[in-house]
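Some notes on the structure that comes next.
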Amino acid sequence: MTEQPTEISATATAEGAEAPKKLFIKTYGCQMNVYDSERMAEALGAKGYVTTEVAEEADMVLLNTCHIREKAAEKVYSDLGRLRPLKQAKPDLKIGVAGCVAQAEGEEILKRMPLVDLVVGPQSYHRLPEMVEAKGKVVDTDFPEEDKFDHLPQRKALRGPTAFLTVQEGCDKFCAFCVVPYTRGAEVSRPAARLLAEARDLVSRGVREITLLGQNVNGYHGAGEGGTWGLGRLLREMAAIDGLDRLRYTTSHPNDMDDDLIAAHAEVPQLMPYLHLPVQSGSDRILKAMNRKHTAEQYLRLIERIRAARPDILLSSDFIVGFPGETDTDFEATMDLIRAVGFGAAFSFKYSARPGTPAAEKPELPAEVSDARLQALQALITEQQRAAQMAMVGREVGVLYEKPGRLPGQMVGKSDHLHAVHVTDSLGKPGQLVRVRITGSAPNSLAGEPLRD
Ligand code: SAH
Ligand code: SF4
Ligand code: F3S
């Protein structure tokens with residue numbers, strides 16, 4: 001999953017409260033945190049909070065944090081430091097830390113940052129409404145018996161015509177470098193009927209595209225009619241919802257791409273031709289040390305099967321460079337794999353040792369070595385990304401308009417292949433799904449003209 005700091009601007013309405021209080025939420029880390037932030041805003045909405053995009057006017061600041069790499073986790077502390085003057089000027093200001101840093105560090109956060117009032121983990125944030133009313137400091141990093149989703153209010157906050165929907169949480173894979181199994185806990189799938197109801201609700205509020213989320217989304221195995229459903233079945237049933245035009249899912253593990261899911265890419269027109277399938281490394285030795293449980297060859301064969309089902313699919317991946325023990329030969333194997341696949345996009349990271357993970361015990365590579373490898377890998381990916389974008393020029397694609405662009409008469413949205421597209425369309429409105437001819441390619445987006453009769 002990608003790291004995109006996002007500040008949500010959803011409006012939650014006050015129910016039976018006096019004067020509205022203002023809530024500022026900052027989201028770090030993956031899309032699942034974006035989803036959680038929306039649900040936290042909705043939960044606090046029931047306590048009279050409305051969201052604001054201006055931290056200075058907030059009565060409560062909530063940081064929904066990420067622990068995946070050291071830099072991500074440390075950013076939270078520098079942001080907390082920057083809140084100090086605000087807290088001094090406004091002693092009643094409540095400051096909360098949620099998400100994966102909250103889960104991993106718990107009470108430690110209060111020790112290191114006394115200005116924090118509450119700490120809440122990713123599995124217990126349905127208790128936020130009680131926590132904000134508590135006198136004194138509160139920490140809740142439980143993995144409760146009850147399902148938080150049963151205790152959260154109905155969906156309200158929306159980000160326009162696209163929405164996220166968490167279908168699965170946690171991870172049992174224990175890759176040697178990764179904190180997620182510890183911060184999010186064991187893999188749990190939400191029941192299919194609830195997910196279909198939430199999706200219908202979102203569609204009735206104007207959503208046309210839903211991205212199903214999970215740390216291991218394709219490992220989905222939720223209770224459904226007639227037994228356990230896999231992700232393929234869930235996608236097929238979602239596609240039957242009237243008015244839901246597009247479906248995506250992220251993030252997947254190669255070992256969980258089953259035949260039914262691959263077939264869904266051929267058979268479900270609403271399922272968009274884009275797949276994020278992290279491989280991390282192209283060296284079998286490193287894949288083994290990472291506990292990824294597949295080889296480079298198995299990954300390449302899998303890509304062949306996916307492309308046979310959906311020839312125009314655009315693939316993206318995550319890579320870690322400088323994993324302990326990675327040699328030049330291992331790194332070259334990763335570059336070879338990238339050349340063999342041809343990715344449309346990718347996220348790449350320098351290995352970061354995380355406390356409590358098995359890989360953290362091993363000696364690290366010199367920073368210059370990892371830096372140089374990261375640079376080389378990113379240059380190759382950029383080349384492939386540009387080539388994939390250039391290949392779109394002249395083609396006709398669907399674009400779901402999300403918002404007006406910076407220039408007058410311009411709309412911005414995503415193509416079927418998840419490219420950002422700037423469309424010259426003075427008649428365009430957010431929420432429209434328009435056929436567009438791609439006319440040009442800029443470094444990180446495409447340009448296009450609408451095809452209207
Ligand atoms: N469940 C998802 C991803 C979770 S984290 C998956 O399996 O792909 C998103 C990405 O962060 C990972 O794919 C990995 O590339 C990167 N990442 C995770 N732990 C890391 C670490 N310790 N150092 C550097 N990158 C890491
Ligand atoms: Fe982390 Fe691996 Fe699980 Fe992904 S599959 S969340 S990288 S442990
Ligand atoms: Fe980060 Fe937690 Fe997501 S560690 S990537 S916010 S699951």
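Note that ligands are numbered from 1 as they come in the structure, with each ligand's atoms numbered from 1 the same way.
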Exercise for review: Assess the side chains of His126 and Asp147: does a donor N or O sit below 3.5 Å from an acceptor N or O?
Suggested key: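 No, no side-chain donor-acceptor contact under 3.5 Å.
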Review point. Is ligand 3 less than 4.0 angstrom away from at least one heavy atom of Arg184?
Key: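 Yes.
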Quick one: closest heavy-atom pair of [X] and [Y], and the distance?
X      : Y      : result
Cys171 : Pro181 : O-CB, 3.4 Å
Leu152 : Ala43  : CD2-CB, 3.9 Å
Pro363 : Pro324 : O-CB, 3.5 Å
Val97  : Ala102 : O-CB, 3.5 Å

Exercise for review: Look at the rings of His265 and Tyr249 and say which category their plane angle falls in: under 30° parallel, 30 to 60° tilted, over 60° perpendicular.
Suggested key: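 Answer is tilted, since the angle falls between 30° and 60°.
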Practice item. Please work out whether the ring planes of Tyr299 and Phe343 are parallel, tilted or perpendicular, with thresholds of 30° and 60°. Key: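 Rings of Tyr299 and Phe343: tilted, 30 to 60°.
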Specify side chain, backbone, both or neither for [X], according to which of its non-hydrogen atoms lie closer than 4.0 Å to ligand 1.
X      : answer
Arg184 : neither
Phe349 : side chain
Ser352 : both
Ile68  : both

Practice item. Determine whether any heavy atom of Asn216 lies closer than 4.0 Å to an atom of ligand 1. Key: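 Checking ligand 1 against Asn216, which is what was asked, there is no heavy-atom contact under 4.0 Å.
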Point to revise | 4.0 Å heavy-atom contact, Met290 with ligand 1 | key: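 Per 4.0 Å heavy-atom rule, Met290 does not contact ligand 1.
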Practice item. For His253, take its heavy atoms, then give the atoms of ligand 2 lying under 4.0 Å from any of them. Key: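 The atoms of ligand 2 under 4.0 Å from a heavy atom of His253 are 5 (S).
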Exercise for review: List every atom of ligand 2 that sits less than 4.0 Å from any heavy atom of Phe174, numbering the atoms from 1 in the order shown and giving each element.
Suggested key: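 Answer, ordered by atom number: 8 (S).
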Check your understanding: Is any N, O or S atom of Cys175 under 2.8 Å away from atom 2 (Fe) of ligand 2?
Key ->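 True for Cys175.
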Check your understanding: Does the distance from a Lys or Arg side-chain N to an Asp or Glu carboxylate O, for Glu146 and Arg127, drop under 4.0 Å?
Key ->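 Looking at Glu146 and Arg127, the cut-off is met.
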Review point. Does any N or O atom in Phe177 lie less than 3.5 angstrom from one in ligand 1, N or O only?
Key: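 Phe177 vs ligand 1: N/O contact under 3.5 Å present.
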Review point. Which of the atoms of ligand 1 are close to Arg354, meaning less than 4.0 Å from one of its heavy atoms?
Key: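 Result: 22 (N).
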Practice item. Pick whichever of Gln280, His253, Lys350, Arg69 has a heavy atom sitting closest to atom 26 (C) of ligand 1. Key: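 Considering heavy atoms of Gln280, His253, Lys350, Arg69, the nearest to atom 26 (C) of ligand 1 sits in Arg69.
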